[in-house]
Amino acid sequence: MMGSENPGFEEAHLLVPREEMENLVLDDPLTTNHPNNNNSYSSFRSANSSISESTHHPLSPPVLSIPADFDPLLSPPVYQNPNGSDNNYIEPPSYADVIFSPFDDNSANEINLIDSTSQDQDSSISLSRSSSSSSDYIKITVSNPKKEQETTNSLVPGGNTYYTYLITTRTNIPDFGSPEFSVRRRFRDVVTLSDRLAEAYRGYFIPPRPDKNVVESQVMQKQEFVEQRRVALEKYLRRLAEHPVIRLSDELKVFLQVEGRLPMPMNTDVASRMLDGAVKLPKQLFGESTSVVAPHEVVQPAKGGRDLLRLFKELRQSVANDWGGSKPPVVEEDKVFMEKKEWIHDLEQQISNASQQAEALVKAQQDMGETMGELGLTFIKLTKFENEEAMYNSQRVRAADMKCLATAAVKASRFYRELNVQTVKHLDTLHEYLGLMLAVHGAFVDRSSALLTVQTLLSELSTHHSRAEKLEAASSKIFGGDKSRIHKIEELKETIRVTEDAKNVAIREYERIKENNRCELERLDKERRVDFLNMLKGFVVNQVGYAEKISDVWAKVAEETSGYARNS
Amino acid sequence: MEQQRSVSGLLQSPRSPSSQPYLSVSVTDPVKLGNGVQAYVSYRVITKTNFPDYQGPEKIVIRRYIDFIWLRDRLFEKYKGIFIPPLPEKSAVEKFRFSAEFIEMRRQALDVFVNRIASHNLLQQSEDLRTFLQADEETMERLRSYENGIFKKKPADLIQIFKDVQSKVSDVVLGKEKPVEESNLEYEKLKHYVFELENHLAEAQKHAYRLVKRHRELGQSLSDFGKAAKLLGACEGQALGKAFSDLGAKSEALSVKLQKEAHQLLMSFEEPLKDYVRAVQSIKATIGDRANAFRQQCELDETMKLKKINLYASGLPYIMPFPPCFAIFCCH
């Protein structure tokens, strides 16, 4: 194409030998024709040859093999890819058509078989998971951070400052009472919310709240830190709103709607709780206050509570479980659960590994785009230089060709960068699920601590019972009754009764948590499958679409400069 | 294209009637010889020719890198003003001196080097070239060590060096700031172009090198990602698991392609760019040579003027001396 049509070439062909650059030994396809077909020399002179003649273009789109037996979970491919066995750079219908601007939820919905009824348009990348297929939604935005002054308890003039964030909610769920409302909250309130949810929803996979970042808040620039926190808060609240049970919880409702300081139980910090417990302990030991766990307290784990005595008892029980000779009274019997737990652990490791590699991949793609762009710019500069300083026409002709290459490189660079932005969005799912694994751990811990409580109470009961038996046996030997012993037996029977009540409550709680675990695991399975499938599809479609675009760019250059190609 | 006659009409496919003179060389089969510090790579140099002074039609000799250096230095000395083709550099990093890739890059560059000489009207006539292509290994070794020995500097050279220093000192003493340079506008333009060109090409080569590296890195990360996906798939099982496994397999396949692409890019894009940078550097060397020659001529001119004045002053009849001849002038 180049050789015959372009007059400049012909001209140059005649000009060069006459010119004084005759001694120029540099490679010039117009002046030196080496018959030597030695590979190194010939391929050396035409870098294009490899691109134009290879049957399998290095950048040709990968073909995802579709299994013969269709799994209904895999939607039929929307865009059939007529197998690229022939040397087609453009395969209609082109994947590139799907990817032209950022991967938006609409196109994802087309691809996804599962009916998308969720209207979470801009919020997150996960869509159409609602198995309950109701059309309700909660959309939360966090914005407008403002600096505020602590008005009470300020010993220092000027006082403590903190930031509040405007939390706006839009919903069509009737329970909330109004379709749109806002409230101002500080981070401390979020911590409270998270604690209360943890108390109330044991056994559920509760999304973990953002870190307190004590160090970072001191070290980072204020603006940056506040923005980082705003983003984290938004993500957290949106995840809460996605959870089918938690989204309807009172705790969340109050947090989102009720202005003013969140009502908190007194002294929630660990230190003061410990102090309370330390005060109670002597009374408990000397029998002045009840040494039995009240039923309402049984539903909370011992750890972090005020009851030190209970803490000690459960600790003793757990040691006995691990090191004692006899089996504890009740154990985790659910084999299915045990297997599931192990599997979750393995899954977490694999997700973590994949997430790491995904990060590395994103970086590599980013670097590729950058370097490609720099290369293009360098060649554009070289082209400009050649045009300005050229002494012979052949130089200008060559410069024009070089410009094609340069612009192609710059275009390709832009595509790599776009591709990367999308890749990040998709592979982010892996990171999200890592966060979720934390929630799963939490739920499993709820279960085991509830079990421990049950075991402890059961041990206590059996201890009480045997004591009672001993006392009865001893007192029956004394004729006419043993007043003191009988009194003791009465007291003991009362204790046993209360402990029985507590035990029953604890067992109920344990069963409840087990059920929560089970439901959540099911939900996790279902949602995870959908999310991961979406992620894979999105990722692959992106890769293919951009690979097509990039290969088109190079194909064009190859065509434009095909005159240089050597048919060796 | 193969059968097309070159403009100079000197070169043709070996299969054409042997009445046309031809000289074609190839550098092949690198072999590592020797042990430890003494180890080196030898190459087979195959010459196919019908030149009268050559042992034709085919001759094979064994040469090593320093032999090529010998040839380049000889040509540079004898063919002043001609742009001598550049040689690949020594390896900066000891570790890679014998890596397959480095050896292949060097072999390719050496092949190009010799072929450029062989296709150059003047250079191909060089006796040193013939020696290089035809002499047996012992002769080559002898020549090479003699020339590269510590007694390389001939007496004439030493005197010249002394004179250079002398003139530099006198320049400073007499208050002359700049060394004398040709005042040829077109030549100046050319020099400026060459110097600028080197910068541009060097930058392009730097980015080409990075691009090769990026391809390799992307290939590696795709491979790692593929493995991770496969593991995740094994954990997931069922349809989702299969999807992950497929993704993993494709990733790994892509990775292999990327590594190949990186290699291709290296050999067909970066190496040639490097070669052009070297070539421009070689041109600069020739330019330097020219500047030296010009300076020498100016100095000798000066000397001659002084001597004439002395002669005149001494009262002897004025005899027109021969203008000094310097056969150093090169192409313009």
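Computed over heavy atoms, backbone and side chain alike; hydrogens, waters and symmetry mates excluded. Throughout, protein chains are lettered first and strands after them, A, B, ... in sequence-line order, and every chain is numbered starting at 1.
The residue among A:T378, A:L347, A:N353 with the most heavy atom pairs within less than 4.5 Å of chain B is A:T378. Among B:E196, B:E217, B:K189, the residue making the largest number of heavy-atom pairs under 4.5 Å with chain A is B:E196. Taking B:R210, B:E203, B:Q220 one by one and counting their heavy-atom pairs under 4.5 Å with chain A, the maximum is reached by B:E203. The most heavy-atom pairs under 4.5 Å with chain A, out of B:C235, B:A228, B:S282, come from B:C235. In terms of heavy-atom pairs under 4.5 angstrom with chain A, the leader among B:H207, B:K213, B:K206 is B:H207. Of all the listed residues (A:D367, A:L430, A:L382), the one sharing the greatest number of non-hydrogen pairs under 4.5 Å with chain B is A:D367.
With A:L361 as reference, B:S221 is the one residue of B:S251, B:S221, B:S223 to meet the side-chain contact (heavy atoms from CB on, under 4.5 Å) rule.
Only the side chain of B:H192 comes within contact range of chain A, with at least one heavy atom under 4.5 Å from a heavy atom of that chain. Neither the backbone nor the side chain of B:A229 comes within less than 4.5 Å of any heavy atom of chain A. Heavy-atom distances place both the backbone and the side chain of A:F532 under 4.5 Å from chain B. Proximity to chain B (any heavy atom under 4.5 Å) is restricted, for A:Q395, to the side chain, taken from C-beta onward. With a 4.5 Å cut-off on non-hydrogen atoms, A:L427 touches chain B through its side chain but not through its backbone. Residue B:I46: no heavy atom, backbone or side chain, is found under 4.5 Å from chain A. Within the 4.5 angstrom heavy-atom criterion, only side-chain atoms of A:L536, from C-beta onward, approach chain B. In this structure, chain B has a heavy atom under 4.5 Å from the side chain of A:E386, while its backbone stays farther away. With a threshold of 4.5 angstrom between heavy atoms, A:L377 does not approach chain B through any atom at all.
Expressed to the nearest 0.5 Å, how far CG of B:L240 lies from CG of A:D525 amounts to 10.0 Å. Expressed to the nearest 0.5 Å, how far CG of B:L247 lies from CE of A:M535 amounts to 8.0 Å. Here the NZ atom belonging to A:K363 is positioned 11.5 Å from the CG atom belonging to B:L218, to the nearest 0.5 angstrom. Between the CE atom in A:M368 and the NE2 atom in B:H215 there is a gap of 4.0 Å [rounded to 0.5 Å]. Separation of atoms CG (B:L211) and CD (A:E374) is listed at 10.5 Å; rounding is to 0.5 Å.
Taking a 6.0 Å sphere around CZ of B:F102, one finds it holds more than 12 heavy atoms contributed by other residues, nucleotides or ligands. Other residues, nucleotides and ligands contribute over 12 non-hydrogen atoms within 6.0 Å of the NZ atom of B:K191. By the neighbour-count criterion of 12 heavy atoms within 6.0 Å, atom NZ of B:K59 is densely surrounded, having more than that number from other residues, nucleotides or ligands.
The aromatic rings of A:F385 and B:Y193 sit parallel to each other, their planes meeting at less than 30°, with 60° as the upper class boundary.
Checked by atom type and distance alone, the side chain of A:W343 never pairs as donor or acceptor with a backbone atom of B:E236 at under 3.5 Å.
When only modelled atom types and interatomic distance are considered, A:T371 and B:R214 share a side-chain donor-acceptor pair under 3.5 Å.
Closest non-hydrogen pair, A:L375 versus B:A204, comes out as CD1-O, 3.9 Å.
Residues passing the ring-ring contact (aromatic ring centres under 6.0 Å, His included) test with B:F113, sequence neighbours excluded: none.
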